[in-house]
Student: 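Below is one structure. I have some questions about it.
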Amino acid sequence: SAFTTTAKMVRLLLTPCVFAVLFLFDNSLAATCDNSTFPEDLANIQILGLQQASATSAQDCQQACCDSSNCNVWQFAAAAPAHPVGSCWIGHTDGSDRQSQDGWVSRAKGIPPPPPPPPSGPYDVTDEHGLGLRWEGVGAISGGGATSKLLLDYEPSVVSDILDYLFLPNFGLSLQILKVEMGGDADATEGAEPSHMHFKGDENYERGYEWWLMKEAKKRNPDIKLYGLPWSFPGWLDPTATSDQPAKNAFVDPNITANYTVAWLKGAKREHGLAIDYIGQWNERDAPAPYAEALRNQVAAEIPDTYVLNRLPHYPGTSVTPDPQGCTQYPWNTTDGSRWVDEEGSVADGQSARCLARCVSRNYVTGCHTATFQWHLISAFYDFLPWPRCGVAVANKPWSGFYEITSPTWSLAHTTQFAPIGWRYSSHAGGVGLLSKGGSYVTRVSPDLKDISIVVEKMTHDASACARGNNPSYDTATEEVTFVLGGSFSNIETLQLWYSNLTDGNASPQLFVQLPALKVVNKQVTITVNPNEIYTLTTLTTGTKGSRAPPANSDFPLPYHQSFDDETEYAPAALWYDQMGAWEVHARDDGHGQAMKQMSSVWPACWGYSCTGPTTYFGPRNFTAPLKMAFSFNPTEHLGLSVSLYNKGPTLNVATNGSWSFGKNKGTDASLNVNAWNNITVLADRGNCTAVVNGHTLASSEGVTDAFSFQVMLDRYVFAWIDDFALTSM
């Protein structure tokens, strides 16, 4: 109609004007993006949890925040130690995740003022306000990956002492939850643990060492909880995977993968008498919903006493304010893992002890978390691998028997020896809180209300940093701490006192020391707490600092020969450390004793870190030239073999098609035979190194002057044998 046509023309004529008005309006908004837009100056303060933006100056960073729909803070790393220098970070914050660090140019808007300082003492310890949540324990992880392997290689009497420190109640760590890796034949951080099903139709529950470790734990503490969790999965669960093609999806058929996991649970019970209390779905990953449902259904039908956990939050760290609702918003008697946190720690020695002292207590004070897991339990792997010495103990020299019980053991013992699983926290108004001059106090109460244990820690901000996790800046100072006992606790007359000074870590002479008991006078007790000290005040008289004398430290013994004949079938070979694949002791097909065999025949579904062909290491990285290394090798299919002086010398690469390389040399005349025993020799010298295959010298290459270890790698997932491994000084 004429009216419609006229209306269209008017719209067309008006459109440029509208655009012009909008353009002017946008420019006026942009002009207000200055310091007045962000009135709060946060110079030299780092806000955690922001997203990096592409701006390369403070002004552009501010503009990037203005342009974002939900940004109330920007920060620009103008100078070190802020890092990376020249980077811009923007986002939304309530101001709680802040820490002091020079070098930041930063402004914000709408951030609440800092919380008021915690109330000064005295601090009430009473049940008159009710109690808090159920205490669910301290856990530690054997795995993620292969962290306990070398423990198996110690002499039985020595390993028994180490296990006492880890599991025996009221002796050392007194661990309350043991979490183990359900092996999947692939690297899960340091190394790989073997699957109970390497390939379709395979099933074996004698592999690895986690069965052994769980039984030893239960032998010492029948009440310890057991928890299994997969990191990687064997490749056969993905029909597209082959010997040469890595698995990409271990959940193609959720029911098959659930059956694989349930088989591990049933095997634990049937073959080892182990009832697994908890099973997880997939470490640090969200398992597909169909798999989670299939797993829950199968577990409920076949192993109803095992609880399927959801993914746990990893390394959340702590805050500087108590939970505002005092944890009353949660059911008090949960046992489903919903209030657990995983993998705090992950640092070494004294730093780990202080990190764990802070997290185990403040995880509850500020986050209502009722169980904290340390990664990892014991560092029983070679120091050149990732994350060395991050366990509560170090045991990686089985040839000498030497081991170290490090300060994290005693830091955690302040809690584990005096608070069994099933006790309850005091309420936030009656024994749980932050100290006025930095630190925390946490009271746990026995079910009959007759016993209490109060852990008081004053870890400083910098000295208690974990590898990851929240740790906003706070100040710490010496404080006289007074507790007033009330309610059911008002008749307590004496409290036992345990003390550690964690300032110097392992070197401290004051680790888990029992001090004279405290007399309760007028329902009060007082202690003076200095930075990086931890105390336990308890009615329990059962605490003990166990003591075993480790054998002397010594170098790796040479000459060394390993025939594998005296080793346990299906077990990992002594002193070898698998990073990918599954290298196990098996009877030779020709009847000539035993040898080490690579048993994973499909490329696994890797979890992270490396995803190479089957790889195993031998020995610490402290071998030096001149040294001769020799072994027999029998591949059952065509493949490539790599032998490295890891990682300071040349690598021998030799394949069954005749090709080879050694350093800068290469050729095609190697005679590496399939289904036959081949002799492999590498002569390591300072002047040059020489590679010999079946008596034929391939080449000499550059010498090696630094200390090294040995690495053996295959380029395909096929069966292959190693026997008669020998090291000889030249």
Side-chain angles (χ1 to χ4, degrees), residues 116-133 135 318 321-323 326-327 357-358 360-366 411 413-420 423-459 474 476-502 512-543:
S120 58
Y123 304 98
D124 291 334
V125 176
T126 179
D127 62 345
E128 293 172 320
H129 310 290
L131 295 174
L133 305 185
W135 163 240
T318 60
T321 55
D323 181 76
C327 304
R358 171 174 60 85
V360 169
S361 287
R362 295 187 221 177
N363 275 160
Y364 183 75
V365 178
T366 69
S411 173
H414 276 274
T415 297
T416 57
Q417 288 205 22
F418 307 109
W423 282 32
R424 286 181 68 176
Y425 288 95
S426 288
S427 70
H428 275 57
V432 167
L434 298 177
L435 299 173
S436 63
K437 296 184 179 179
S440 70
Y441 60 100
V442 170
T443 305
R444 298 176 180 88
V445 183
S446 66
D448 61 8
L449 304 180
K450 293 182 179 179
D451 288 299
I452 64 171
S453 295
I454 310 169
V455 177
V456 185
E457 59 80 22
K458 192 175 278 289
M459 300 302 112
Y474 59 90
T476 309
T478 298
E479 182 174 357
E480 196 170 79
V481 177
T482 297
F483 294 107
V484 180
L485 307 185
S488 300
F489 319 134
S490 58
N491 293 323
I492 293 174
E493 298 179 352
T494 304
L495 289 171
Q496 305 300 313
L497 186 62
W498 290 82
Y499 165 74
S500 292
N501 183 338
L502 301 179
F512 205 60
V513 177
Q514 186 171 18
L515 299 179
L518 294 173
K519 293 295 183 182
V520 180
V521 179
N522 295 327
K523 302 181 182 181
Q524 296 186 9
V525 290
T526 299
I527 57 174
T528 300
V529 187
N530 297 303
N532 294 320
E533 292 181 339
I534 181 171
Y535 286 86
T536 302
L537 295 74
T538 180
T539 55
L540 299 181
T541 58
T542 51

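What you see is a predicted model; the values in this text were computed from it and never measured.
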Student: Extract all donor-acceptor atom pairs below 3.5 Å that involve side chains of residues 437-444 and protein atoms in other chains or at least two apart in sequence.
Tutor:
| unit_1 | atom_1 | unit_2 | atom_2 | d |
| --- | --- | --- | --- | --- |
| Ser440 | OG | Glu457 | OE2 | 2.6 |
| Thr443 | OG1 | Gly431 | O | 2.8 |

Student: Could you list the residues that satisfy salt bridge (Lys or Arg N to Asp or Glu O under 4.0 Å) with Glu533, not counting sequence neighbours?
Tutor: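 Scan of Glu533 (salt bridge (Lys or Arg N to Asp or Glu O under 4.0 Å), adjacent residues dropped) gives none.
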Student: Under 3.5 Å, which donor-acceptor pairs link side chains of residues 487-496 to any protein atom two or more places apart or in another chain?
Tutor:
| unit_1 | atom_1 | unit_2 | atom_2 | d |
| --- | --- | --- | --- | --- |
| Ser488 | OG | Asp127 | OD2 | 2.5 |
| Ser490 | OG | Gly487 | O | 2.9 |
| Gln496 | OE1 | Gln514 | NE2 | 3.4 |

Student: Is Thr539 reaching over with its side chain to a backbone N or O of Ile452, donor-acceptor style, under 3.5 angstrom?
Tutor: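 Yes.
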Student: Quick one: do Thr318 and Asn363 satisfy side-chain contact (heavy atoms from CB on, under 4.5 Å)? Show the steps, please.
Tutor: CA-CA 6 Å; Thr318 60; Asn363 275 160; 3.8 Å; yes
Student: Output the distance between atom CD (Gln417) and atom CZ (Phe512), rounded to the nearest 0.5 Å.
Tutor: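 CZ of Phe512 is found 4.0 Å from CD of Gln417.
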Student: Is Leu537 close to Ser453 at the side-chain level, that is, under 4.5 Å between some pair of heavy atoms?
Tutor: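 The answer is no, as the side chains (C-beta and beyond) never meet within the 4.5 Å cut-off.
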Student: Within the structure provided, determine whether Leu131 and Leu449 are in side-chain contact (heavy-atom separation under 4.5 Å).
Tutor: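 Yes, at least one pair of side-chain atoms sits under 4.5 Å.
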Student: Any chance you could measure Ser361, atom OG, to Ile454, atom CD1, to the nearest 0.5 Å?
Tutor: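 Ser361 atom OG to Ile454 atom CD1 measures 11.5 Å (nearest 0.5 Å).
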Student: If I compare all heavy atoms of Ser426 with all of Val445, which pair ends up nearest, and what's the gap?
Tutor: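 Result for this residue pair: OG-CG2, 3.6 Å.
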Student: Looking at CZ of Phe483 and OG1 of Thr526, how far apart are the two atoms once the value is rounded to the nearest 0.5 Å?
Tutor: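 It is 9.5 Å, given to the nearest 0.5 Å.
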Student: Under 3.5 Å, is there a donor-acceptor pair between the side chain of Thr528 and the main chain of Val481?
Tutor: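 Checking the backbone N and O of Val481 against the side chain of Thr528, no donor-acceptor pair under 3.5 Å is found.
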Student: Can you tell which of Leu133, Val432, Val365 makes a side-chain contact (heavy atoms from CB on, under 4.5 Å) with Cys327?
Tutor: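 Between Cys327 and the candidates, side-chain contact (heavy atoms from CB on, under 4.5 Å) is satisfied uniquely by Leu133.
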Student: With side-chain contact (heavy atoms from CB on, under 4.5 Å) as the test, would you mind laying out the steps for Asn501 and Val513 before giving the verdict?
Tutor: CA-CA 9 Å; Asn501 183 338; Val513 177; over 6 Å; no
Student: Which word best sums up how the rings of Tyr364 and His428 line up, parallel for under 30°, tilted for 30 to 60°, or perpendicular for over 60°?
Tutor: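 Tyr364 vs His428 ring planes: tilted.
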Student: Of all the heavy-atom pairs spanning Leu502 and Ser411, show the shortest one and how long it is.
Tutor: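 Of all heavy-atom pairs spanning Leu502 and Ser411, the closest is CD1-OG, 3.9 Å.
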Student: Starting at CD1 of Ile527, measure out to OG1 of Thr482 and round the result to the nearest 0.5 Å.
Tutor: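 Between Ile527 CD1 and Thr482 OG1, I get 9.0 Å after rounding to 0.5 Å.
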Student: Supply the atom-to-atom distance Tyr123 OH to Leu485 CG, rounded to the nearest 0.5 angstrom.
Tutor: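 With rounding to 0.5 Å, OH (Tyr123) is 15.0 Å from CG (Leu485).
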Student: Working to the nearest 0.5 angstrom, can you tell me the gap between Asp124 CG and Gln524 CD?
Tutor: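 Between atom CG of Asp124 and atom CD of Gln524 there are 9.5 Å.
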Student: If you draw the axis of the six-membered ring of Tyr474, does the NZ or CZ of Arg358 fall within 45° of it and under 6.0 Å from the ring centre?
Tutor: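 No - Arg358 does not lie over the ring of Tyr474 by the 6.0 Å and 45° rule.
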Student: Pair Asp451, Trp423 - check side-chain contact (heavy atoms from CB on, under 4.5 Å), show working.
Tutor: CA-CA 9 Å; Asp451 288 299; Trp423 282 32; 3.7 Å; yes
Student: Considering all heavy atoms of both residues, which atom of Ser427 and which atom of His129 are nearest to each other, and what is their separation?
Tutor: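 The answer is OG-CB, 3.7 Å.
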Student: Would you please say whether a donor-acceptor pair under 3.5 Å links the side chains of Ser436 and Glu479?
Tutor: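 Indeed, the side chains of Ser436 and Glu479 share at least one donor-acceptor pair under 3.5 Å.
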Student: Within a reach of under 6.0 Å around CG of Asp448, are more than 12 heavy atoms found that belong to other residues, nucleotides or ligands?
Tutor: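 Above 12, so yes.
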Student: Would you say Met459 and Ile534 make side-chain contact, with heavy atoms under 4.5 Å?
Tutor: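 With C-beta onward as the side chain, the pair touches.
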